[in-house]
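First listed ligand is number 1; within each ligand, the first listed atom is number 1. Bear in mind the structure is a predicted one, so any value in this text is a computation, not a measurement.
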Amino acid sequence: MNSITYDSVRKLFLLQTARMSYAFTISSNGKLVHVYWGAKVPDSGCFDGMLAGLQADTAVGGVNAGSRPYEYRTQDPFVYGDIALLPIFADGVRNARLVYDHHDISEHALVVSLRDEHYALAVDLHYDLFGDLDLISRHAVIRNNGDTAVTLDVIRSATVNLPPRQDYRITHFAGNWGAELGRNQCMLTQAQFLLENHRGTCAAHQQQPFIALDPRGESTQNCGEVFFAALCWSGNFKLCVEKSYYGDVSISAGVNDFDCQVDLPAAGTFTTPALAIGFSDTGFDRISEILYDWQFDWISPRPKAHDVRPIIYNSWYPYEFDVREDNILGLIDKAAHIGAELFVIDDGWMPKRVNEKAGLGDWVVDPQRFPRGFTPITEACHQRGLLFGLWVEPEMVNPDSDLYRAHPDWVIADPTRPRSEQRRQLVLDLSRDDIRDWAIDWLDKLIDDYQLDYLKWDMNRYLSENGPKRDLSIRFIQNLYAIWAHLNERHPKVLFENCASGGGRADFGMVPYADRINRSDNARPSDVMILHEGFTTLFVPKTAGGAGNISSDASTPLPFRIHLGMTGSMSVGINLLKATDETIEQLRQATAAFKLVRADLQNAYVYHLASATEKPYAVWQYLRRDRKTFGLFAFAHGMRHWDRNLPRFRMRGLIADAIYCAPDGSRHSGAELMNVGIAITLKGDYDSSFTFYKEG
Ligand code: DGJ
């Protein structure tokens, strides 16, 4: 059971989850000082030996004293770590000196209010629990209680302190367009290790705002302690891990202060994005379990309404911009035949949108290529039992568009400099509320008019200049979330895909709003093996999307591509109007087989028993969350002759005394499968297999 308590005798806040404890205290001069984060301890008495030192007046100390682990670090005297807050007051003073004021505890939430010792500035530190999940979501609310404006120069969500005096290994995910979510690891030295991004419109094409730290780098997939932090923010962010000479290690994370300041008017407030922090006592797999449970049960949209994701046929890979009524109607027919359940017209359906040079911003159907509008398309889909979806890119505009000709002042630009184009497009100033409302209006109308069941929201360029407004990068993302929140609320039955040139916005800021995440534009099977491992470390597999997860890359055998397509939210990228009868039949059989196990695979934890980054094969176990069924995928790539002698693979997480039935009818106890393991045969490159076991 989880609990949040304040022990007034010890002056100790203690947050308890299933397997984690987190504690902090109030020092004698009113500072909030961190005490403990790690494996669960029974009660607040466990910290008695530490409290006197931590509660002593933090202002006292010589040059050799180091500094206390502050719970929300500001520029107190002789504090030199990365700070969480830097206000600039009207008189020019530039620091916050925060002390405890009061607190409020409810069943799953703690708010500790701090106030500046001199200025009318307050900071509420929020700690939210999610049942007994080993995860705490932290954010801060900065309140200007004075009658003059305060400028916020640095505004982080939290400072988090780790158990000190040990070496840590850092694990983080970084990448690029087409190479999202690559895993990186290194040991932390006495330095600041900085993950940051200032591309403005998305983060994950550079750095995923996530970090994990394991003591001494000794933890494995299923052993050892791992601490992690995930920032729920899709724009410019900063995540700094720092180790001092004394071995103190802390994380500070929040919106990036790069080229950004927020003016807080009198009585104004600023709410930071959340930083979710969590703890695993059984290695990296457990991190995924915690993050999955958080998504499945707490933060994902409408978790009960859409248990599985429909199989998608998307026009992008087969036809790119060349979408017309005739080829689309032909594809719909074939898509229904192979068992797809949702048809998506991707980019190219608007007037003049025959390539990337024109049309973005004019969100009406092209009368030349769709002379009867979408009516015959919608009807064809619905008559064949297919859902219908459309692609949009609401944040962008081509200079060659009616929208731009009418509103050249709507884009983000420096008044004296050329407007830099990327993919021939400019970025609308979504930080403006009138542009936010314009987007909401046309999106609502589009969904209603075309009876959309699905909307794929794309975003294909980064910011290159921020214009004159200093808080643009923050307001842009806040308004982006406001639109997504509106769409979810106003269209509860519509499914939404979060795409940003592939996986540019695969992050926890977007998770609450999207049913599907475009993992990458790169659908090449050997790359997808690696992309998917990064993706499923953090995100639930049923959201793992892409325009064609069953790729059109014919250099890889179709069964291999089909098996890969089964590992996420299935979509077909093969041109069905050009495919052979044999391919069509293989796809038809594949979707039918997939539907039988889809609910199990899409509501499962994923364990990487062998990683494609380390071996010439990947073996992934998909364990349904109630642990009663599992699917086992194996994929070979780059295998040499002797690599065919694969080891037996020991399953994880099964119920030891349950009996699991294999596809050949043989029966095995969970204990056997977890200890003796399962033999897998891969005959060489691009061989693959899938087997499914169920209890009973
Ligand atoms: C990038 C997306 O990731 C693709 O799936 C596709 O929608 C294109 N944009 C369309 O321009």
Side-chain angles (χ1 to χ4, degrees), residues 175-181 199 201-206 234 309 312-324 327-328 331 340 342-363 366 369 388-398 400-401 421-428 446 452 454-462 495-507 510 514-524 527-528 531-532 535 539 543-553 565 568-575:
N176 200 1
W177 174 83
E180 293 85 348
L181 282 157
R199 297 183 182 208
T201 49
C202 66
H205 267 168
Q206 186 178 5
S234 311
R309 295 295 177 263
I312 299 177
Y313 192 84
N314 179 301
S315 62
W316 180 245
Y317 286 115
Y319 283 102
E320 295 203 344
F321 298 97
D322 184 23
V323 286
R324 294 168 269 113
N327 62 8
I328 291 296
L331 282 175
L342 162 64
F343 191 92
V344 180
I345 302 185
D346 208 280
D347 201 349
W349 57 269
M350 310 90 75
K352 289 179 81 177
R353 187 72 178 162
V354 291
N355 52 38
E356 62 187 38
K357 295 181 190 162
L360 276 186
D362 299 339
W363 300 107
D366 179 5
R369 287 174 296 154
F388 175 54
L390 260 193
W391 171 97
V392 292
E393 192 174 357
E395 298 149 77
M396 301 292 159
V397 64
N398 285 122
D400 185 1
S401 67
E421 294 177 21
Q422 196 172 43
R423 213 191 189 216
R424 300 291 190 99
Q425 60 200 52
L426 300 167
V427 188
L428 294 172
L446 189 85
L452 299 185
Y454 189 89
L455 190 84
K456 172 177 175 180
W457 178 308
D458 200 355
M459 189 292 299
N460 289 297
R461 75 156 278 181
Y462 315 128
L495 291 162
F496 294 99
E497 173 174 340
N498 155 26
C499 174
S501 270
R505 276 194 192 137
D507 60 60
M510 283 300 294
D515 301 274
R516 194 167 189 264
I517 306 172
N518 194 305
R519 186 181 44 201
S520 181
D521 273 347
N522 185 348
R524 212 185 129 147
D527 290 332
V528 168
L531 288 160
H532 192 60
F535 187 94
F539 305 111
T543 62
N549 287 358
I550 300 183
S551 152
S552 55
D553 181 349
S569 158
M570 185 182 272
S571 56
V572 179
I574 294 170
N575 188 331

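Set against the non-hydrogen atoms of C499, the atoms of ligand 1 under 4.0 Å away are 2 (C), 3 (O). Close contacts of ligand 1 with W391, meaning ligand atoms under 4.0 Å from a residue heavy atom, involve 7 (O), 10 (C). Each of the following atoms of ligand 1 lies closer than 4.0 Å to a heavy atom of S501: 1 (C), 3 (O).
Using a 4.0 Å cutoff on heavy atoms, R423 counts as a contact of ligand 1.
Listed here is the closest heavy atom pair of W391 and E393: CZ2-OE1, 3.5 Å.
Checked by distance only, ligand 1 and D347 come closer than 3.5 Å through their nitrogen or oxygen atoms. Backbone and side-chain nitrogen or oxygen atoms of K456 are examined, and one is located within less than 3.5 angstrom of a nitrogen or oxygen of ligand 1. The distance criterion of under 3.5 Å between nitrogen or oxygen atoms is met by G502 with respect to ligand 1.
Under the 3.5 Å distance criterion, with hydrogens and angles disregarded, no donor-acceptor pair is assigned to the side chains of N460 and Q425. In the model, W457 has a side-chain atom that pairs as donor or acceptor with a side-chain atom of E395 under 3.5 Å. There is a side-chain donor-acceptor pair under 3.5 Å between S234 and D507.
By the 4.0 Å N-to-carboxylate-O rule, E356 lies close enough to R423 to be salt-bridged with it.
Heavy-atom contacts from other residues, nucleotides or ligands closer than 6.0 Å to CZ of R324 number more than 12.
In terms of protein heavy-atom proximity, atom 1 (C) of ligand 1 is nearest to D458 OD2, 3.1 Å. Shortest contact from atom 3 (O) of ligand 1 to any protein heavy atom: D521 OD1, 2.3 Å.
Comparing D346, N460, N355 against atom 6 (C) of ligand 1, the shortest heavy-atom distance belongs to D346.
Less than 6.0 angstrom separates the ring centroid of W316 from the ring centroid of F321.
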